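Below you'll find the structure, written out as structure tokens, and then a few comments.
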Amino acid sequence: MIKIKENSLSVNEYLEIRKQVGWKCLQLEQAQRALDHSLYIVSAYEDNNLVAMGRIVGDGAVICYVQDLIVIPSHQGTGIGSTVLKCLIKFVEDMRLENSEMMLCLMCAKGREPFYEKHGFLARPTDALGPGMIQYLKDE
């Protein structure tokens with residue numbers, strides 16, 4: 001049975017789940033700062049083992065981002081990613097000011113667009129919106 005927890009993910013769990021899906025290794029302090037500055041974190045556990053997580057970052061008024069939606073390989077395709085994403089979307093919708101519009105954005109891994117599209121996200125570019133862009137800041 002899957003148990004959902006809010007805002008209780010440890011830095012070691014965060015680093016480990018990132019490792020399980022082959023994401024870039026983060027410094028401990030960097031990972032802790034990322035968690036500390038998240039607006040909301042959802043973790044999914046099966047038998048006390050972390051199987052999925054996601055977090056929201058942003059200003060909480062105009063724009064938020066789905067960040068680090070991770071499902072370990074053995075649980076991909078089981079619906080747990082959708083469960084986590086629905087929790088994240090609900091959190092942002094609940095904080096949205098009445099009579100306002102709020103952007104909820106994300107950058108997904110290549111090939112994952114259909115998953116997010118079925119949850120109401122719009123792939124860019126479109127006729128009205130340009131492509132998402134990124135810049136990596138690092139020591140040379």
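The structure displayed is predicted, hence computed values, not measured ones.
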Q. Is there a path from Phe115 to Met107 through hydrophobic residues (I, L, V, M, F, W, Y) whose side chains come within less than 4.5 Å of each other?
A. no

Interatomic distance, OG@Ser38 vs CD@Gln67, rounded to 0.5 Å, equals 8.0 Å

**Q.** Same cluster (ILVMFWY, side-chain, under 4.5 Å), Val92 and Leu122
**A.** no

Between Cys64 and Met102, the two heavy atoms sitting closest are SG-CE, 3.3 Å

**Prompt:** Which class fits the ring pair Tyr40 and Phe91: parallel under 30°, tilted 30 to 60°, perpendicular over 60°?
**Reply:** parallel

Around atom CZ of Arg124, are there more than 12 heavy atoms of other residues, nucleotides or ligands at under 6.0 Å?
yes

Those residues at least two apart in sequence (or on a different chain) that pass side-chain contact (heavy atoms from CB on, under 4.5 Å) with Cys105 are Ile63, Tyr65, Met103

When rounded to the nearest 0.5 Å, the distance separating OG of Ser43 from CD1 of Ile4 is 8.5 Å

Q: May I ask whether Phe121 and Val62 are part of the same hydrophobic cluster, defined by side-chain heavy atoms of I, L, V, M, F, W, Y residues being less than 4.5 angstrom apart, directly or through others?
A: no

Tightest non-hydrogen contact, residues Lys118 and Ser82, listed as CE-OG, 4.0 Å

**Prompt:** Can you find a heavy atom in the side chain of Val71 that is under 4.5 Å from one in the side chain of Val51?
**Reply:** no

* Checking Arg18 side chain against Lys24 main chain: does a donor-acceptor pair fall under 3.5 Å? -> yes

Practice task
May I ask you to decide if Gly79's main-chain N or O and Thr83's side chain share a donor-acceptor pair within less than 3.5 Å?
Solution key: yes

Closest non-hydrogen contact found for Pro125 with Gly130 is CB-C, 3.8 Å

The reported gap from CZ in Arg55 to CG in Asp68 (rounded to nearest 0.5 angstrom) is 4.0 Å

Per side-chain contact (heavy atoms from CB on, under 4.5 Å), Ile70 is matched among Val84, Ile17, Leu50 by Ile17

Note to self: Could you see if Tyr14 belongs to whatever hydrophobic cluster contains Val57? Use Ile, Leu, Val, Met, Phe, Trp, Tyr and a side-chain cutoff under 4.5 Å.
What the structure shows: no

Lys5 meets the side-chain contact (heavy atoms from CB on, under 4.5 Å) criterion, sequence neighbours left out, with Lys3, Ser8, Tyr45

Legend entry - Residues Glu93, Lys90: salt bridge by 4.0 Å N-O rule: no

To the nearest 0.5 Å, atom CG of Leu9 lies from atom CD1 of Ile41 at 6.0 Å

Smallest heavy-atom separation, Ala44 atom then Ile2 atom, equals CB-CG2, 4.0 Å

Discussion item. With a 3.5 Å distance limit and no angle check, can you tell me whether Arg33 reaches the backbone of His37 through a side-chain donor-acceptor pair?
Written reply: no

Here the gap from Leu106 atom CG to Leu69 atom CG, rounded to the nearest 0.5 Å, amounts to 8.5 Å

Honestly curious: do Val42 and Met95 fall in one hydrophobic cluster under the side-chain, below-4.5 Å linking rule? yes

To the nearest 0.5 Å, atom CG of Leu39 lies from atom CG of Asp59 at 8.0 Å

Residues Cys108 and Arg112: closest non-hydrogen pair is SG-C, 4.1 Å

Look at the side chain of Asp47 and the backbone N and O of Asn49, then say whether any donor-acceptor pair between them is shorter than 3.5 Å.
no

